[in-house]
Amino acid sequence: MRFTHFLLLSLLFVSCKTKEKPEESKSSIETSKITNPLIYPEETHFKNIRQITYGGDNAEAYWSFDDKQLVFQSNNAKWNVGCDQMFLMNANETFKDKIPPMISTGKGRTTCAYFLPDNKHIIYASTHLGAEECPDTPLRKNGKYIWPIYDSYDIFVADLEGNIVKQLTNEIGYDAEPTVSPKGDKIVFTSTRSGDLELYTMNIDGSDVKQITNELGYDGGAFFSPDGTKLIFRSSRPKTDEEVKDYKGLLAEGLVEPTEMELYICNADGSELQQLTDLGNANWSPFFHPSGKKILFSSNFESERGFPFNLYLIDIDGKNLKRITHGETFDAFPVFSNDGKKLAFSSNRNNGGGRDTNLFIAEWQD
């Protein structure tokens, strides 16, 4: 999920792919009376919106099961962190003049926190057992944009005071990107334990680990459908001999190249796997619409220079692609509240033209 890296990707990645144009409702744009300056006129699915953070890189805000709190990651230097750590907030809070409580250890780098069903614990991945310092973050190799896949990542359970109460993974290699089924019974995560970046599921206590995907390529960023029966995820699956060689070479060094990714959907046990998008460029951070019949995701497929990234909605059969946000820089990590009424996401909007990426919560209307 590696949020900070994707911000740099939007600045570094250059491509000229343009394909299918999403639908836009001109009549709704013309008749909308949007007065909130944080909402662009075309963004008719946002009834209201408020900014949560004001500085640094803030992302991957996930709701508690009762929608009263969110956990998110930030590298805001003013909050006394050197790289991404986990922070807790109440759903009605903002952090312009105060610092939220940190609920990770403050050691190593963390990613992808998610609430457990009791609303009293979270899971997240951390490198702190490998080293207390922030790991190096290589961004380019041989002219290619890359992500590091730290083999020191493991998945932990912590309470809301930041105390680690359990370690869920202890395999050699990368274990990260965990999310929890809305049914509260399963966790899906990405691991290199097979030698490739594949999806796995386990019970919320770490038992009954099962491999879900088994094709060469980076499968990650998976989320369950509202009823827990399906998974949506991103994948960069090499096809040509040269792509396979490059992928395996980078992976051997603990690296991946995330500039070409499409979305895939399958049953929660991995069956009936289907490619959902074929848009080109980077399609990622998917999340199910509350109906379970659509996917909201971030993409730069319409971009000629690698950015902007905007949010798009698509049916689970790959039809009816529709653009949702209309920024000129970066919108990503959309996450619906469990009651379906609100959407948390990250955006460069209202940052004064700088590089800060902040959290926003919008009231959603279909």
Side-chain angles (χ1 to χ4, degrees), residues 1-4 56-66 68-77 79-90 93 95 99-137 148-181 184-193 199-209 220-224 254 335:
M1 294 182 180
R2 286 149 303 281
F3 162 65
T4 307
D57 296 325
N58 307 270
E60 301 202 57
Y62 299 117
W63 301 83
S64 58
F65 275 62
D66 60 9
K68 293 181 178 180
Q69 293 181 297
L70 297 95
V71 61
F72 67 97
Q73 66 190 52
S74 177
N75 65 1
N76 191 337
W79 295 353
N80 302 313
V81 296
C83 56
D84 290 332
Q85 295 292 330
M86 296 302 166
F87 294 85
L88 181 69
M89 62 171 282
N90 294 320
E93 282 188 290
F95 299 99
I99 300 175
M102 183 171 66
I103 56 173
S104 53
T105 64
K107 301 173 183 179
R109 181 185 295 273
T110 67
T111 189
C112 310
Y114 216 89
F115 271 92
L116 290 179
D118 66 0
N119 298 310
K120 297 178 180 180
H121 294 86
I122 61 166
I123 56 171
Y124 68 96
S126 176
T127 67
H128 72 271
L129 292 185
E132 294 188 359
E133 299 77 21
C134 294
D136 292 336
T137 308
I149 301 295
Y150 302 117
D151 61 8
S152 53
Y153 264 133
D154 272 303
I155 300 171
F156 301 85
V157 179
D159 63 26
L160 300 190
E161 284 71 49
N163 303 303
I164 291 179
V165 299
K166 189 172 184 178
Q167 182 175 342
L168 293 182
T169 63
N170 55 18
E171 296 283 335
I172 297 174
Y174 179 86
D175 289 304
E177 307 178 31
T179 64
V180 182
S181 169
D185 60 339
K186 294 287 183 180
I187 295 169
V188 62
F189 65 103
T190 294
S191 177
T192 55
R193 62 188 63 195
L199 294 182
Y200 292 77
T201 60
M202 60 182 168
N203 295 334
I204 59 172
D205 63 0
S207 63
D208 194 26
V209 177
F223 293 89
F224 288 92
V335 180

For [Y], is there any backbone N or O sitting under 3.5 Å from a side-chain donor or acceptor partner on [X]?
| X | Y | result |
| --- | --- | --- |
| S126 | T110 | no |
| S64 | K68 | yes |
| T179 | F224 | no |
| D159 | E161 | yes |
| N75 | D57 | yes |
| E177 | G221 | yes |
| E132 | K107 | no |

Search all heavy atoms of [X] against all heavy atoms of [Y] and return the closest pair with its distance.
| X | Y | result |
| --- | --- | --- |
| N76 | V81 | O-CG2, 3.4 Å |
| G206 | V209 | O-CG2, 3.7 Å |
| V71 | A113 | CG2-CB, 3.7 Å |
| T127 | P135 | OG1-CD, 4.0 Å |
| R109 | Y153 | O-CE2, 3.4 Å |
| G82 | C134 | C-SG, 3.6 Å |

Name of the residue among L70, I122, L160 meeting side chain to side chain contact (heavy atoms under 4.5 Å, CB included) with L88
L160
Test side chain to side chain contact (heavy atoms under 4.5 Å, CB included) on V180 and K186; report intermediate values, then the result.
CA-CA 6 Å; V180 182; K186 294 287 183 180; over 6 Å; no
Is atom CG of D208 surrounded by more than 12 heavy atoms (other residues, nucleotides or ligands) closer than 6.0 Å?
yes
Strictly under 6.0 Å, is that where the ring centroids of F115 and F65 end up?
no
Aromatic plane relationship, F156 with H128 - under 30° parallel, 30 to 60° tilted, over 60° perpendicular:
tilted
With a 4.5 Å cut-off on side-chain heavy atoms, are T192 and D151 touching?
no
Do the side chains of N80 and M102 get nearer than 4.5 Å, heavy atoms only?
no
Verify side chain to side chain contact (heavy atoms under 4.5 Å, CB included) between T169 and E171, making sure each step is shown before the conclusion.
CA-CA 6 Å; T169 63; E171 296 283 335; 5.6 Å; no
Hey, what do you get for [atom1] ([X]) to [atom2] ([Y]), rounding to the nearest 0.5 Å?
| X | Y | atom1 | atom2 | value |
| --- | --- | --- | --- | --- |
| T137 | D84 | OG1 | CG | 8.5 Å |
| T111 | Q85 | OG1 | CD | 11.0 Å |
| D118 | D66 | CG | CG | 10.0 Å |
| I123 | L116 | CD1 | CG | 5.5 Å |
| M89 | I103 | CE | CD1 | 12.0 Å |
| F95 | W79 | CZ | CH2 | 6.5 Å |

For the residue pair S191 / D175, report whether a side-chain donor-acceptor contact shorter than 3.5 Å exists.
yes
Test side chain to side chain contact (heavy atoms under 4.5 Å, CB included) on Y62 and F223; report intermediate values, then the result.
CA-CA 11 Å; Y62 299 117; F223 293 89; 3.5 Å; yes
Please assess E60 against F72 for the test side chain to side chain contact (heavy atoms under 4.5 Å, CB included), listing each intermediate value before the final yes or no.
CA-CA 5 Å; E60 301 202 57; F72 67 97; over 6 Å; no
Under 6.0 Å from the ring centre and within 45 degrees of the ring axis: does the NZ or CZ of R193 meet both conditions for the six-membered ring of Y200?
yes
